[in-house]
Every structure is written in structure tokens, then in C-alpha cells.
Amino acid sequence: MLEIGIIRNQKERVVEGYHKRNLPETAIQELDVIISLDDERKSVQTSLDATLAESNALSKEIGDLFKAGKANEVAEKKEKVAALKEMTKELETKHKEIKDRIEEKLLSLPNVPHSSVPKGKTPEENEVFKAWDKSFPSLHADALPHWELAEKYDLFSLSLGVQLTGSGFPVYKGKGAKLQRALISFFLDEATNAGFQEIIPPLLVNRHSARGTGQLPDKEGQMYYCEKDDLYLIPTAEVPVTNLYREAVVPVESLPIKMTGYTPCFRREAGSYGADVKGLNRVHQFDKVEIVVIEHPDKSYDTLMSMVQHVEGLLEKLELPYRILRLCGGDMGFNSALTFDFEVFSAAQQKWLEVSSVSNFESFQANRMTLRYKDTDGKNKLAHTLNGSALALARIVASLLENNQTTDGIVIPEVLRRYTGFDKI
RNA sequence: GGAAGAAUGGCAGAGCUGGUUUAUUGCACCGGUCUUGAAAACCGGCGUACCUGAAAGGGUACCUGGGGUUCGAAUCCCUAUUCUUCCGCCA
């Protein structure tokens, strides 16, 4: 949720940013509506506070009269307070109504893109921030896509998942299962070695948490929901891990707070279809190691770059061909101010697969969940939050299988062998 | 699942027979006195959000969340949530 102060004081920057996102003019006009609603809110509060002050004073006088034994003089004052109370009620209702309307409008506005974000509507307009300048792996003639490799080596099965649950819920088996576990351990070890504290969070969250990181109301339809208990299955570890600091005030010295967590992720992916959903390209349940940072506003962009480097390191170590994109305004998520996407090249499918997304949300999430730090001047200020996948498993597995296939098996990257215990599938 | 009790400021912990209450006190923290320095002792300060104001200041709300009674509620009533203890069930 955008800070109302930013809308009031930096309106030009907001408008410019929204143009980069290609928002319709009606969305931009909302800014003025919000400002005038906020003006109204202020003036209503001024009268409300004055009315309350008057009743408070009268009540005190009534108390004093009772004590002085002048109960007979009380009636008139009581009537006055009763009249004030009517007024208070009206003003309170109005005040709440305006506040709710402002909140509702603020919730519907996306974050303001960072100045480096390119204008654009579609993924094609994303900027290649770092291209792959080495050669792609050359596969043998009978190279297979990962879903066929899975069958050939009995690594995972989507049809068994259908039997148990439905489409998009893979069942990993044998070396396929071990490979999952190896990747998770590898990613977690890399993150903890880089100073991220490991967290194992719950996989279901309440609506406050879903709202805190911005999944609600924006992505309600993308989450699995347990109606009976009013809980959501997490679409990413970002949700529980960031919400550990919901409504917290942390000392400035404790920044940055660096956390990592492995969780399965659940996504309904409503509306997806076609070739993109083949194999592990798009599934409803996948494993992911996430990194989350709570940072001082002055340092959040340096931190973003160090997170990008961390993810790059992982892909280097896995020896996968990758590139980094700086997302354009139109392709960037609702909450983000700047996002770098990582894509790995799948040699057998001949296409790039998104395996990580690293973003700075600035104060957008922090404002929604009131996550603050106590500054050296003693004031509480909104922190910045950042997160990134490091990494999402299913597509890494897909590209690993495809890129590393040879005529006599699939080669496991060197760094993973101590986790898998085998060097070839 | 059943029964009883509890939820107060960074922490501990009063108030809870309704009326000089943001709230006794202790610890922590900050400033000062003393000291060569530190500790101790003593003195002073010490919540958050919003409104108003150039500022100093003034005002309002907040004692888990929501609702109610009352001229007036931390204090009474209802409700939700969480925690503790006991009983039941159980990986």
C-alpha cells in the first residue's frame, strides 16, 4: 500500500511511475480523489476532536459536582453532553467512512516503479540486464524435454499426481526425489552461508498475513483457501517470513534482517493453459527457497543488487545458462518498485524459463503491515522489504535435466553431488 | 471437544467495590550532578498514531480486537481471538 504522504508530496513522481506501468488515466485521477478525501478526513477529525474535548470537559464537571454534593445541578450538563454525543456519533461514522474509502482506494494502487524501470507493456519490452554471452549446451540428436526424461528415468510423475490430487501436482520418485532434496539443501546452505537466517514457517496463513505482503486483495484468486478455518495456503515463503515482522518496530542497528526459508508453494494458476503448462513448467505445487530482507531505506537498492549477485552465484555453481531481465513497468508485479527476473535456458524446449524474481518493495509492504524501525532520532519509520527466489525448484529441475542429458545419462552438477550421493542419473 | 482462569506501556507487575488515570512501582533506556574515569547514589526525562500550529504548545484516540451500559470505563456487560491450568482424545 502506497504511503499517502508519497501521494501528497511526490505526486509528479507517482504519476510518472504510473505512466510507466501503462495505467489508465482513471487510475491516475484517483490520486486527486484520495488527496481530497484525505483533506476531508482531516477537517472531520478536527471537529470530532473538538466535540469530544467538550464532552470530556463536561463529564469532568459533572463528576466534580457529584463530589461537591450538588447533584441537583447536574441535569442541565447531562443534556448538553447527550446533544454532543449525537454529534460525535455522526462525525465518527463519517470519519470512519472516509478512512475506509481512502484505504480501499490506496489498496487498489500499485507501487511506484523505480526511476530505472523501463516503460513498457509486455514481457517483450523487458530490458536484458545481463545477457548470456557464452555458448548454449549442445545436445545430442535424440535429446528429450524433461517430461520425457522423467518417464525414461522414472524421476517424477504428473499422472500419479492426478490420481492423488489433480493436474499440476507432481510426484517425485527415486533419484528425482533425491535431486529435489539435494537442491533444497544446497540452496539453503548457500543462503545461510551468505548470512541469511533459516526459517521454517507455517504453510497456511491467516488473512492478515496474506494482506500484509499484498496477496490480498490483489491475488485472492491465485491462492488456495481453506474456508472452514479462513486460512490460505502460502503461494511463497515470502508471505509467512516477511509477516514475522508485521506490526513490529525493530531497532535500526538490527538492519538488515536477512532471512531464508524453504517451503512448498501452492498456486492455483487459474487461467493458465497450453504449452506453458507442460511438464514442470507450471505446476500448482512446487518447492522454493526464498530469501527475504528487511532493510534501511537508504540501503535497500544496494541490498537488492547483492541479492541479485547471490542468485547469480547459484546459477553459476549449477552451471546453467541464464540471463537477467529488468522488468518493464507493465510486466512488473503490483507491489514491486524494481524487479529483476532470472531466466534459465532450457535447451530441449528451446526457451527461457523464469526461475527467480528478485524485488525491492520499498515501503509498500511495510506500510501495509506497519513494519518500522526506530531511527537514531527516536522516530519510528517504515522499513523497506525485499525478497527473491533462491531458487524455485521445479523449473531448475526441468532445465537441469534437459541441459545435462547425454547419451548415457543425466550428469549431476559438481556442487550437488555431495547432496545427491550420485553423479549421474 | 468439555471446564475454569487470564490478557495492562520495551520487560516485570499494580489498579479492576466506575469520576484530579496514560495509567502506582521496579527494571531497562536517555540526560544531568558527583568522580581522574567507571560503578553506586541522587535529580530529571522516558509510549504510539492522528488532528491543529511557523514553532513552543494544544487537542483526540489507544490498558488484546469488536460491540454495549453510563454524563463518565483499564475498571461493569456481551462477543471474538490468544494464552494458562484441569479433563477427554491423539500423531
Side-chain angles (χ1 to χ4, degrees), chain A residues 1-9 34-107 200-212 216 226-232 240 243-255 257 294 363 365-383:
Chain A
M1 186 165 72
L2 211 52
E3 293 175 64
I4 194 147
I6 292 180
I7 297 177
R8 294 193 80 110
N9 306 323
I34 289 171
I35 291 173
S36 68
L37 277 172
D38 195 44
D39 289 338
E40 201 184 337
R41 186 200 110 246
K42 286 182 180 185
S43 90
V44 170
Q45 186 173 337
T46 305
S47 351
L48 175 61
D49 285 355
T51 313
L52 283 169
E54 205 178 333
S55 341
N56 284 346
L58 281 168
S59 294
K60 201 167 273 178
E61 283 173 32
I62 292 170
D64 291 341
L65 285 173
F66 269 121
K67 268 196 216 153
K70 297 178 185 168
N72 51 328
E73 293 172 33
V74 154
E76 190 193 343
K77 290 186 190 294
K78 276 197 184 183
E79 265 175 51
K80 261 196 200 164
V81 178
L84 286 173
K85 207 178 171 184
E86 284 295 307
M87 226 155 91
T88 307
K89 243 183 191 151
E90 256 172 60
L91 287 167
E92 259 173 357
T93 311
K94 198 167 169 195
H95 190 251
K96 188 175 183 314
E97 206 180 281
I98 297 171
K99 265 180 76 176
D100 288 350
R101 273 180 69 196
I102 293 174
E103 164 114 358
E104 189 195 320
K105 285 184 184 297
L106 283 176
L107 280 172
I200 300 182
L203 306 182
L204 286 94
V205 293
N206 59 32
R207 57 176 58 248
H208 297 291
S209 299
R211 176 172 274 256
L216 285 181
C226 303
E227 194 174 0
K228 208 165 183 180
D229 298 289
D230 195 23
L231 296 173
Y232 295 85
N243 272 283
L244 290 172
Y245 286 87
R246 175 151 43 89
E247 277 164 58
V249 180
V250 301
V252 68
E253 320 79 80
S254 70
L255 300 175
I257 297 169
I294 296 164
S363 64
Q365 287 182 329
N367 186 34
R368 194 176 281 208
M369 66 172 100
T370 45
L371 192 187
R372 295 169 299 176
Y373 65 97
K374 190 167 282 294
D375 208 350
T376 41
D377 61 7
K379 294 256 163 59
N380 293 338
K381 296 176 185 167
L382 291 175

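In what follows, every chain begins at residue 1, and chains take the letters A, B, ... in the order their sequences are listed.
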- Note on the structure: Nearest heavy-atom contact between A:Ala366 and A:Ala383 is CB-O, 3.1 Å
- Between P of B:A80 and CG of A:Asp230, the distance in whole Å: 15 Å
- Return the nucleotide paired to B:G1: Watson-Crick means purine N1 to pyrimidine N3 with N6-O4 or O6-N4, wobble means G-U with N1-O2 and O6-N3, both under 3.5 Å. B:C87
- Message: Work out how far the C1' atom of B:A4 is from that of B:C90, and round it to whole angstrom.
- Response: 23 Å
- With both distances kept under 3.5 Å, what pairs with B:U25, Watson-Crick or G-U wobble? B:A12
- Task: Report, as yes or no, whether the 6.0 Å neighbourhood of atom NZ on A:Lys94 holds more than 12 heavy atoms from other residues, nucleotides or ligands.
- Result: no
- Residues from residues 46-58 of chain A sitting under 4.0 Å of RNA chain B, heavy atoms only? A:Thr46, A:Asp49, A:Leu52, A:Ala53, A:Asn56
- Note on the structure: Judged by nearest nucleotide, the residue sitting upstream toward the 5' end of RNA chain B, A:Lys60 or A:Ser43, is A:Lys60
- Between A:Met1 and A:Arg368, which heavy-atom pair has the shortest distance, and what is it? N-NE, 3.6 Å
- Between A:Phe66 (CZ) and B:U70 (P), how many Å, whole number? 14 Å
- Query: What is the distance, rounded to the nearest whole Å, between atom NZ of A:Lys77 and atom C1' of B:G19?
  - Reply: 15 Å
Considering only nitrogen or oxygen atoms on both sides, find all protein atoms under 3.5 Å from nucleotides 47-49 of chain B and state each distance.
residue: B:U48; atom: OP1; partner: A:Lys374; partner atom: NZ; Å: 3.3
residue: B:A49; atom: OP1; partner: A:Arg372; partner atom: NH1; Å: 3.2

- Report the base-pairing partner of B:G72 (Watson-Crick or G-U wobble, both distances below 3.5 angstrom), or none. none
- Note on the structure: Taking a pair to mean Watson-Crick or G-U wobble geometry with both distances below 3.5 Å, B:U82 pairs with B:A6
- Query: side-chain contact (heavy atoms from CB on, under 4.5 Å) between A:Val252 and A:Lys381: does it pass, once the steps are laid out?
  - Reply: CA-CA 10 Å; A:Val252 68; A:Lys381 296 176 185 167; over 6 Å; no
- What is the base-pairing partner of B:G37, counting Watson-Crick and G-U wobble geometry with both distances under 3.5 Å? none
- Inter-nucleotide C1' distance (B:C34, B:G47), Å rounded: 31 Å
- For atom C1', what is the distance between B:A40 and B:U33, given to the nearest Å? 13 Å
- Query: Of the residues in residues 81-104 of chain A, which ones touch RNA chain B at a heavy-atom distance under 4.0 Å?
  - Reply: A:Val81, A:Lys85
- In whole Å, what separates the C1' atom of B:A91 from that of B:A7? 31 Å
- Item | Atom-to-atom span, NE2 of A:His208 to C1' of B:U64 - whole angstrom | 12 Å
- Task: Determine the minimum heavy-atom distance between A:Leu204 and A:Cys226, stating which atoms define it.
- Result: CD2-SG, 3.7 Å
- A:Lys42 NZ to B:C51 C1', straight-line distance once rounded to whole Å: 9 Å
- Message: I want to check something: taking the side chain as every heavy atom from C-beta on, are A:Leu91 and A:Thr51 in contact at a cut-off of under 4.5 Å?
- Response: yes
- Query: B:C71 P sits how many Å from A:Asp64 CG, rounded?
  - Reply: 17 Å
- Re B:U48: Watson-Crick or G-U wobble partner, both distances kept under 3.5 Å, found to be B:A61
- Query: With rounding to whole Å, what would you report as the distance between B:G44 and B:A6 at their C1' atoms?
  - Reply: 37 Å
- Task: Could you work out the separation of B:G67 and B:A12 based on their C1' atoms and round it to a whole Å?
- Result: 32 Å
- Message: Please find the pair of heavy atoms, one from A:Leu382 and one from A:Thr370, that lie closest to each other, and give the distance.
- Response: CD2-CA, 4.5 Å
- Item | From CA spacing to verdict: salt bridge (charged side-chain N to carboxylate O under 4.0 Å, His left out), A:Asp39, A:Lys42 | CA-CA 5 Å; A:Asp39 289 338; A:Lys42 286 182 180 185; 5.3 Å; no
What side-chain donor-acceptor pairs closer than 3.5 Å can you find for residues 96-106 of chain A, not counting sequence neighbours?
residue: A:Lys96; atom: NZ; partner: A:Asp100; partner atom: OD2; Å: 2.9
residue: A:Lys105; atom: NZ; partner: A:Glu30; partner atom: OE1; Å: 3.0

- Which whole number of Å gives the distance between the C1' atom of B:G15 and that of B:A23? 8 Å
- Item | Main-chain N/O of A:Ser363 paired to A:Asn367 side chain as donor or acceptor, under 3.5 Å | no
- Task: Determine the minimum heavy-atom distance between A:Val249 and A:Lys374, stating which atoms define it.
- Result: CG1-N, 4.0 Å
- With sequence neighbours excluded, tell me which residues meet side-chain hydrogen bond (donor to acceptor under 3.5 Å, both in side chains) with A:Ser209. A:Asn206, A:Arg246
- Below 4.0 Å: OP1/OP2 of B:C51 and any side-chain N or O of A:Arg41: yes
- Query: Given atom CG of A:Asp229 and atom P of B:A80, what is their separation to the nearest angstrom?
  - Reply: 16 Å
- Message: Would you measure the distance from the P atom in B:C62 across to the matching atom in B:U21 and give it in whole Å?
- Response: 16 Å
- What residue pairs, at least two apart or across chains, pass side-chain hydrogen bond (donor to acceptor under 3.5 Å, both in side chains) with a residue in residues 77-88 of chain A? A:Glu61-A:Lys77
- Query: Between B:U20 atom P and A:Glu61 atom CD, what is the distance in whole Å?
  - Reply: 14 Å
